[in-house]
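Hydrogens, waters and symmetry mates are skipped; everything else that's a heavy atom, side chains included, is used. Everything quoted here is computed from the prediction, not taken from an experiment.
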Amino acid sequence: MSQTIIQVDAFTDRPFAGNPAAVCVLAAPRDERWMRDVAREMNLSETAFLVKRGDGAYDLRWFTPTAEVDLCGHATLASAHVLWEDGHLAPHETARFHTRSGLLTATRTAEWIELDFPATPATPVDPPAGLASALGAEPLWVGTSRFDLLVLLRDERTVRGLRPDIAALRALDARGIIVTAPASDEHAAYDFVSRFFAPAVGVDEDPVTGSAHCALGPFWAERLGKEELVGYQASARGGFVRVRLQGDRVLLGGRAVTVMRGELLG
């Protein structure tokens with residue numbers, strides 16, 4: 001039996017930018033080995049699998065090519081986009097997802113989708129041995145969130161110019177390494193810049209990482225004195241994430257565009 005699979009570029013309004021995710025809306029649950037095989041076949045940073053529940057919400061799981069993850073922003077954005085675009089949900093309906101990180105929701109306003117995610121603020125730690133040499137830059141501050149290391153660097157130019165040692169980053173005890181700096185003066189469209197490296201889960205560099213902004217949001221809100229911010233993830237593809245702090249939640253805003261539809265025959 002074939003299965004429709006849809007590729008969506010998230011946190012962008014144009015094809016071939018932002019972060020690509022594959023989305024499968026399943027009629028019934030499939031076994032974990034099959035989902036892992038599909039994710040490896042797609043070879044994107046995330047493939048999302050959804051199964052509708054009796055209450056109208058969806059069970060949602062995310063897989064990299066090598067691992068299942070506990071929280072993923074761009075594939076959740078892509079999943080919500082598919083549910084509305086393909087008529088699984090009416091345009092005004094809230095998308096509700098049961099996940100490893102609890103209940104997540106998505107709402108739509110015009111072309112923008114807003115995700116309601118848990119905040120994962122980072123607490124300061126001593127830099128792990130080898131971090132500076134692995135990044136090729138000296139950290140000004142290092143913290144650890146629920147999932148990742150958060151590293152403050154000197155300026156936007158340093159973040160954009162990083163050419164890290166991926167094998168050395170893979171050896172660090174974290175899902176991923178978020179590097180960040182304030183936006184340069186000439187970039188008024190955003191407040192901070194970041195990049196995200198996660199070789200430990202099979203993603204050397206993620207193009208635009210929603211879940212990283214669950215840590216970046218509280219970090220920059222405190223330092224900039226703002227509860228609404230815009231982040232730019234400066235990967236080769238690049239993408240913007242709107243961030244709003246709301247208590248212990250972070251509201252992440254982005255856009256999405258479908259770029260491919262296909263049928264899985266296996």
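- Here the options are Thr105, Leu104, Leu115, the test is side-chain contact (heavy atoms from CB on, under 4.5 Å), and the partner is Arg249; only Leu104 passes.
- Taking the side chain as every heavy atom from C-beta outward, Pro121 and Asp248 never approach each other to under 4.5 Å.
- At distances below 3.5 Å, not a single donor-acceptor pair connects side-chain atoms of Arg244 with backbone N or O atoms of Leu251.
- Closest of all the heavy-atom pairs between Ile113 and Ala106 is CG2-CB, 4.1 Å.
- In plain terms, the two heavy atoms of Gly254 and Leu77 that are nearest each other are O-CD1, 3.9 Å.
- For Trp141 (side chain) and Leu150 (main-chain N/O), no donor-acceptor pair under 3.5 Å exists by modelled atom type.
- If you chain together hydrophobic residues whose side chains sit under 4.5 Å apart, Val193 and Phe197 fall into the same group.
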Audit row: Gln3, Phe49, side-chain contact (heavy atoms from CB on, under 4.5 Å) steps and yes/no: CA-CA 11 Å; Gln3 168 65 51; Phe49 299 92; over 6 Å; no
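- One hydrophobic cluster holds both Leu135 and Val142 under the rule that ILVMFWY side chains link at heavy-atom gaps under 4.5 Å.
- Note on Met35 and Val51: same hydrophobic cluster, where clusters join Ile, Leu, Val, Met, Phe, Trp and Tyr whose side-chain heavy atoms are under 4.5 Å apart, directly or indirectly.
- Using a distance-only test at 3.5 Å, with no hydrogens or angles considered, no donor-acceptor pair links the side chain of Ser194 to the main chain of Thr180.
- Linking Ile, Leu, Val, Met, Phe, Trp and Tyr residues whenever their side-chain heavy atoms come within less than 4.5 Å places Tyr190 and Leu153 in a single cluster.
- Leu83 places a side-chain heavy atom less than 4.5 Å from the side chain of Phe97.
- Using a 4.5 Å heavy-atom threshold, the side chains of Arg223 and Pro182 count as separate.
- Under the 4.0 Å criterion applied to side-chain N and carboxylate O atoms, Arg242 and Glu114 are not assigned as salt-bridge partners.
- A donor-acceptor pair is defined here as one N or O able to donate and one able to accept, closer than 3.5 Å; such a pair exists between the side chain of Thr64 and the backbone of Val201.
- Val250 places a side-chain heavy atom less than 4.5 Å from the side chain of Pro218.
- Residues Val243 and Asp191 are not in side-chain contact: their nearest non-hydrogen atoms beyond the backbone lie 4.5 Å or more apart.
- Phe147 approaches Ser101 most closely through the heavy-atom pair CZ-OG, 4.2 Å.
- A donor-acceptor pair shorter than 3.5 Å can be found between the side chains of Glu263 and Thr4.
- With a 4.5 Å cut-off on side-chain heavy atoms, Phe117 and His213 do not count as touching.
- Looking at Asp9 and Arg237, a side-chain N of the basic residue comes within less than 4.0 Å of a carboxylate O on the acidic one, giving a salt bridge.
- Of all non-hydrogen atoms in Pro65 and Asn43, the two that sit nearest each other are CG-OD1, 3.7 Å.
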side-chain contact (heavy atoms from CB on, under 4.5 Å) between Asp86 and Val25, worked out: CA-CA 10 Å; Asp86 287 9; Val25 182; over 6 Å; no
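- Using modelled atom types, one side-chain atom of Asp55 and one backbone atom of Ala57 make a donor-acceptor pair closer than 3.5 Å.
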Stepwise side-chain contact (heavy atoms from CB on, under 4.5 Å) check, Leu26 with Trp34: CA-CA 12 Å; Leu26 304 172; Trp34 180 85; 4.1 Å; yes
Chi angles and distances behind the side-chain contact (heavy atoms from CB on, under 4.5 Å) call for Gln233, Thr209: CA-CA 8 Å; Gln233 192 155 328; Thr209 314; 3.0 Å; yes
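- For the pair Arg170 and Asp204, the minimum side-chain heavy-atom distance is below 4.5 Å.
- Summarising the local packing, CD of Glu186 is surrounded by more than 12 heavy atoms from other residues, nucleotides or ligands at distances under 6.0 Å.
- The main-chain N or O of Met42 is never found under 3.5 Å from a side-chain atom of Gln7 such that the two would form a donor-acceptor pair.
- Looking at residues two or more places apart in sequence or on another chain, you find a side-chain contact (heavy atoms from CB on, under 4.5 Å) between Thr144 and Thr123, Val125, Leu149.
- With hydrophobic clusters built from ILVMFWY side chains whose heavy atoms lie under 4.5 angstrom apart, Val82 shares a cluster with Leu89.
- At a threshold of 4.5 Å between non-hydrogen side-chain atoms, the residues Arg157 and Ser184 do not count as touching.
- The closest side-chain donor-acceptor pair between Thr76 and Trp62 falls under 3.5 angstrom.
- By the 30° and 60° cut-offs, the orientation of the rings of Phe192 relative to Trp220 is parallel.
- Among the candidates Arg175, Arg40, Arg100, the single residue satisfying the salt bridge (Lys or Arg N to Asp or Glu O under 4.0 Å) test with Glu68 is Arg100.
- The two residues Leu71 and Pro118 make their nearest non-hydrogen contact at CD2-CG, 4.4 Å.
- Across all their heavy atoms, Ala75 and Glu46 have their closest contact at CB-CB, 3.8 Å.
- Considering only residues two or more places apart in sequence or on other chains, Lys52 meets the salt bridge (charged side-chain N to carboxylate O under 4.0 Å, His left out) condition with none of them.
- Counting only residues at least two apart or on different chains, the salt bridge (Lys or Arg N to Asp or Glu O under 4.0 Å) pairs with a member in residues 13-31 are Asp13-Arg255.
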